[in-house]
Visitor: 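Okay, handing you the structure first.
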Amino acid sequence: MRFTLGYRAASFKARVALLVVLLALCLLGWFVLRPPAAQPLVLAPVRMAIPLRIISAPMFVGMEQGAFRNAGVNIIAQPFEMARDALKSLMDGKSDLTLIADTRLMFALLDGADIAVLANVAQSRRSLGIVTRIDRGINRLADLQGKKIGLTLGTNLPYFLDALLQINSVGNDRVNWVDLDPDALHQAFKAGRIDAAAMFQPYLARLEQEMDGRVKVFFGEEVYAFRLVLVGRPGYIDSHPEEVRRVLKGLLTATDSIHADPVAARRVVGKMFKMDDALMARIFDPEDYVVSLDQALLLALDDQSRWAMKERLAPARAMPNFLNVTRYQFLETVKPGAVTLVH
């Protein structure tokens, strides 16, 4: 009896020891073979100079809705009232990337600026307009002859205004151009010191609302499209390829969000500019926002360069090959179908 009990006790202890060894081996195998834990995405800082325009909507929506954070980039926003100041920030090395109008880009490139184009972010035919005072007898663009027209030089407004004047057979020498910054332009028009004004949104919409029924607005959709372009210095772009790709991914996500829920997007932008939603609904068009690089951008830069040289706003020179200033490879990597220019 003593022998039997001792054998059973030893057998039980052996089984327990075996189970302990097997459990230890299982735990060791789990630790060795388990998939590595996902590492948190480190946000790459990018200093972005952003013009305060409705057409900059993808930046505002992307920052508000987390598109850039999810793409792994921390946007350090530098807002500027004028795109020319945003460009200066870039050229002075105070920002890494910026958004500028294609006309501003054209002037900078003709002036020898070292800038590379990454993508066209927006294209709108109603972001600029000419507002006229009915009490001055201006009911059509041909009536601008002999009138004072306010605008902001150093922007794309001169090219836009010239295009609309020419198509309505009004020569530049038949009108008086008055150079004013946006706020002063707004006030000068209301006070009657000028007869008409070429303006950006949201100034245009606000002025139209304030002078309800006393103005007419002409957009010139048939002759002009305002393109907003993402650019940077080649040295930065080539040395920070991952940051550039993440910014492009964030912009693509923000643009998708604008298309999927335009009401939410326009409310983000409306909050930015302190504009009520009814007014935003009139001027915010989600179809304006497509991240791309197409041949139309290069053709627009060609046309505007010829205009600038013809008007002696830029020195006469051989026409640049604007394809050479694009870095289309970055967008092509992130979204191949978005690049349709010939290269």
Side-chain angles (χ1 to χ4, degrees), residues 34-80 86 89-90 94-100 116-124 227-233 236-273 275 277 280 284-294 326-340:
R34 67 174 177 168
Q39 296 297 315
L41 188 62
V42 177
L43 298 182
V46 175
R47 300 171 299 169
M48 177 71 73
I50 308 172
L52 293 175
R53 297 281 179 267
I54 298 293
I55 203 170
S56 299
M59 285 303 308
F60 305 136
V61 172
M63 289 187 292
E64 177 70 19
Q65 296 183 351
F68 294 107
R69 289 193 301 274
N70 293 338
V73 64
N74 174 31
I75 296 293
I76 303 170
Q78 299 178 2
F80 289 94
S89 174
L90 179 78
K94 296 178 181 178
S95 60
D96 303 316
L97 301 173
T98 189
L99 297 169
I100 56 173
V117 176
L118 289 164
N120 193 69
V121 174
Q123 178 174 307
S124 174
R227 293 174 174 84
L228 191 69
V229 189
L230 176 67
V231 303
R233 288 166 292 130
Y236 173 82
I237 292 170
D238 295 338
S239 62
H240 295 78
E242 185 57 32
E243 286 89 338
V244 169
R245 282 190 285 268
R246 291 182 185 186
V247 170
L248 288 169
K249 288 177 183 177
L251 283 169
L252 285 162
T253 300
T255 300
D256 288 343
S257 178
I258 290 172
H259 293 162
D261 193 347
V263 174
R266 82 176 185 231
R267 286 176 178 165
V268 169
V269 181
K271 180 182 177 182
M272 177 77 192
F273 290 96
M275 296 177 66
D277 193 54
M280 280 298 301
F284 186 78
D285 186 352
E287 297 306 312
D288 289 347
Y289 305 102
V290 178
V291 180
S292 65
L293 264 179
D294 58 19
T326 65
R327 289 291 193 276
Y328 61 83
Q329 299 89 344
F330 289 90
L331 183 57
E332 202 167 47
T333 299
V334 175
K335 187 178 180 181
V339 178
T340 57

Visitor: Would you please test Met59 and Leu251 for side-chain contact (heavy atoms from CB on, under 4.5 Å) and show each step?
Guide: CA-CA 7 Å; Met59 285 303 308; Leu251 283 169; 3.7 Å; yes
Visitor: How about Val117 and Leu293: do any of their side-chain heavy atoms sit closer than 4.5 Å?
Guide: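 With C-beta onward as the side chain, the pair touches.
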Visitor: Where the side chain of Ser257 meets the backbone of Thr253, is there a donor-acceptor pair that is under 3.5 Å apart?
Guide: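 Absent.
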Visitor: Is there a side-chain contact between Asp285 and Asp288, using heavy atoms and a 4.5 Å cut-off?
Guide: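 Sidechains of Asp288 and Asp285: in contact.
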Visitor: Which atom pair, heavy atoms only, marks the closest approach of Pro286 to His259?
Guide: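 Smallest interatomic distance, heavy atoms only, reads O-NE2, 3.1 Å.
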Visitor: Distance from Glu64 atom CD to Lys271 atom NZ, nearest 0.5 Å?
Guide: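 Answer rounded to 0.5 Å: 5.5 Å.
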Visitor: Can you tell which of Asn120, Val121, Val244 makes a side-chain contact (heavy atoms from CB on, under 4.5 Å) with Leu230?
Guide: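 The option that passes is Val121.
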Visitor: Less than 4.5 Å apart, side chain to side chain, heavy atoms only: is that true for Ile54 and Met280?
Guide: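 A side-chain contact under 4.5 Å exists here.
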Visitor: Quick check: do Met63 and Ile50 have side-chain heavy atoms less than 4.5 Å from each other?
Guide: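 Side-chain contact under 4.5 Å: yes.
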Visitor: Specify the closest pair of heavy atoms between Gln78 and Ser95, including all atoms of both residues, with the distance to one decimal.
Guide: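 What the structure gives for the nearest pair is OE1-CB, 3.3 Å.
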Visitor: Looking at Val291, Thr326, Leu118, which one forms a side-chain contact (heavy atoms from CB on, under 4.5 Å) with Leu331?
Guide: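 Result for side-chain contact (heavy atoms from CB on, under 4.5 Å) with Leu331: Val291.
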Visitor: Can you tell which of Thr98, Leu97, Ile237 makes a side-chain contact (heavy atoms from CB on, under 4.5 Å) with Val231?
Guide: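 Exactly one candidate clears the test, Thr98.
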Visitor: Measuring from Arg327:CZ to Asp238:CG, what's the distance to the nearest 0.5 Å?
Guide: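 Atom-to-atom, Arg327:CZ and Asp238:CG are 4.5 Å apart.
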Visitor: Using modelled atom types only, decide if a donor and an acceptor are shared between the side chain of Arg246 and the backbone of Gly72 within a distance under 3.5 Å.
Guide: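 A pair under 3.5 Å: yes.
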Visitor: For Glu287, give me all partners under salt bridge (Lys or Arg N to Asp or Glu O under 4.0 Å), at least two apart in sequence or on another chain.
Guide: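 Once residues adjacent in sequence are excluded, Glu287 has no partner under the salt bridge (Lys or Arg N to Asp or Glu O under 4.0 Å) criterion.
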Visitor: Using side-chain contact (heavy atoms from CB on, under 4.5 Å) as the criterion, point out the one residue from Asp277, Val61, Asp261 that pairs with Arg267.
Guide: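 Output: one option passes, namely Asp277.
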Visitor: Kindly indicate whether the side chain of Asn70, heavy atoms from C-beta on, has any atom under 4.5 Å from the side chain of Gln65.
Guide: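 With C-beta onward as the side chain, the pair stays apart.
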Visitor: For Leu99 versus Pro51, what's the shortest heavy-atom pair and its separation?
Guide: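 Reported closest heavy-atom pair: O-CG, 3.0 Å.
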Visitor: Would you indicate whether the side-chain heavy atoms of Ile75 and Val73 approach each other to under 4.5 Å?
Guide: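 Yes; the side chains approach each other to less than 4.5 Å.
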Visitor: Closest approach of Ser124 and Ile55, non-hydrogen atoms and distance?
Guide: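 Looking at all heavy atoms of both residues, the closest pair is CB-CD1, 3.8 Å.
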Visitor: Arg245 and Glu242: salt bridge (charged side-chain N to carboxylate O under 4.0 Å, His left out), yes or no, with the steps?
Guide: CA-CA 5 Å; Arg245 282 190 285 268; Glu242 185 57 32; 3.5 Å; yes
Visitor: If you look at every heavy atom in Phe68 and Val247, which pair is closest and at what distance?
Guide: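 Nearest heavy atoms, Phe68 then Val247: CE2-O, 3.6 Å.
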Visitor: Does the side chain of Val339 come within less than 4.5 Å of Ser292's, by heavy atoms?
Guide: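 Ser292 vs Val339: side chains apart.
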Visitor: Side chains of Tyr236 and Leu90, heavy atoms from C-beta outward: is any pair under 4.5 Å?
Guide: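 With C-beta onward as the side chain, the pair stays apart.
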Visitor: Under the ring-ring contact (aromatic ring centres under 6.0 Å, His included) rule, collect the residues that match up with Tyr289, sequence neighbours excluded.
Guide: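 Listed in chain order: Phe284.
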Visitor: Working to the nearest 0.5 Å, report the span between CZ of Arg47 and CD1 of Ile76.
Guide: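 One gets 7.5 Å once the value is rounded to the nearest 0.5 Å.
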Visitor: Would a distance-only check, ignoring hydrogens and angles, find a side-chain to backbone donor-acceptor pair under 3.5 Å from Ser56 to Leu52?
Guide: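 A pair under 3.5 Å: no.
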Visitor: What is the minimum heavy-atom distance between Ala49 and Phe80, and which atoms define it?
Guide: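 Shortest heavy-atom separation between Ala49 and Phe80 comes out as CB-CE1, 3.8 Å.
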